[in-house]
Amino acid sequence: MSKKTSQHHDVNPINALDDHEFLAKLVVGIGEVAEITGIPQRQLRYWQEKGLIKAIDGTGITTRRFNYLEIKKILLIKELLDEGFTLEAAANKVEKRMELINSTFKKFKNRHKDI
DNA sequence: ATTCTTACA
DNA sequence: TGTAAGGA
């Protein structure tokens with residue numbers, strides 16, 4: 001297609017399965033996250049420092065990397081702050097939401113152990 | 001070029 | 001929080 005050496009299979013823009021594959025592999029640096037979300041790097045580092053979000057950890061990795069789930073949390077925190085919640089309140093709401101989501105899917109998981 | 005920590009306004 | 005310094 002393009003001239004490049006992208007040895008990738010085509011990704012259909014209206015295929016949800018491709019979206020999942022893409023999102024599952026997505027790993028982004030702090031600069032890109034800041035650029036796209038509009039949240040300053042300074043703030044992202046602060047949130048991580050406070051434990052609201054976590055960067056991908058790996059031996060040898062010195063720079064912050066964020067995955068799909070963390071980016072979703074980042075967007076949620078931003079919304080909550082815009083709505084007027086304090087950072088601490090936002091942190092509690094995010095934690096509560098993650099617990100709800102995890103416990104809920106854990107139940108589905110147990111009902112579908114056959115998968 | 002990009003990110004990191006530390007520190008000060 | 002924004003920004004600057006100085007190292008990786």
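Quantities reported herein were computed from a predicted structural model and do not represent experimental measurements. What's counted below: heavy atoms across the whole structure, side chains too, no hydrogens, waters or symmetry copies. Proteins come first, then strands; the chains are lettered A, B, ... in the order of their sequence lines, and each starts at number 1.
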Heavy-atom closest contact (A:Q41 atom, A:A34 atom, distance) | CG-CB, 3.7 Å
Going from OG1 on A:T62 to CZ on A:R65, what distance comes out if it is rounded to the nearest 0.5 angstrom?
-> 8.5 Å
Scanning both residues in full, the closest heavy-atom pair of A:K54 with A:Q48 reads CA-CG, 4.4 Å
Could you check if a side-chain atom of A:L76 sits within less than 4.5 angstrom of a side-chain atom of A:K93, using non-hydrogen atoms only?
-> no
Reading DNA chain B 5' to 3', how would its secondary structure be written in dot-bracket notation, given Watson-Crick and G-U pairs with both distances under 3.5 Å, brackets [ ] for crossing pairs and | for partners on other strands?
-> .|.|||||.
With a 4.0 Å cut-off, would you call A:E99 and A:K96 a salt bridge?
-> no
Report yes if the side chains of A:T37 and A:L75 come closer than 4.5 Å at any heavy-atom pair, otherwise no.
-> yes
DNA chain B contacts made by residues 54-65 of chain A, counting heavy atoms under 4.0 Å | A:T62, A:T63, A:R64
Look at the side-chain heavy atoms of Ile, Leu, Val, Met, Phe, Trp and Tyr, link any pair under 4.5 Å apart, and say whether A:L69 and A:I77 land in one connected group.
-> yes
Non-hydrogen atoms of A:L100 and A:T104 that approach each other most closely | O-OG1, 2.6 Å
Would the number of heavy atoms belonging to other residues, nucleotides or ligands and lying under 6.0 Å from CD of A:E88 be above 12?
-> no
Could you grab the distance from atom CG of A:N67 to atom CD1 of A:I53, nearest 0.5 Å is fine?
-> 10.5 Å
Qualifying ring-ring contact (aromatic ring centres under 6.0 Å, His included) pairs, either residue in residues 44-79 of chain A, two or more places apart | none
Between residues 69-95 of chain A and DNA chain B, which residues have a heavy-atom gap below 4.0 Å?
-> none
Are A:L23 and A:I71 connected in the hydrophobic side-chain network, where two residues link if heavy atoms are under 4.5 Å apart?
-> yes
Which residues in residues 26-46 of chain A have at least one heavy atom lying under 4.0 Å from any atom of DNA chain B?
-> A:I30, A:G31, A:Q41, A:R42, A:R45
In the 5' to 3' direction, the nucleotides of DNA chain B bounding the stretch that comes under 4.0 Å of a heavy atom in chain A are B:dT3 to B:dA7
Cluster question for you: counting only ILVMFWY and a side-chain heavy-atom cut-off of under 4.5 Å, with indirect links fine, are A:M98 and A:L87 together?
-> yes
A:L26, A:V33: one ILVMFWY side-chain cluster at the under-4.5 Å cut-off?
-> yes
Determine whether A:I36 and A:L44 fall in the same hydrophobic cluster, where Ile, Leu, Val, Met, Phe, Trp and Tyr are linked whenever their side-chain heavy atoms lie under 4.5 Å apart.
-> no
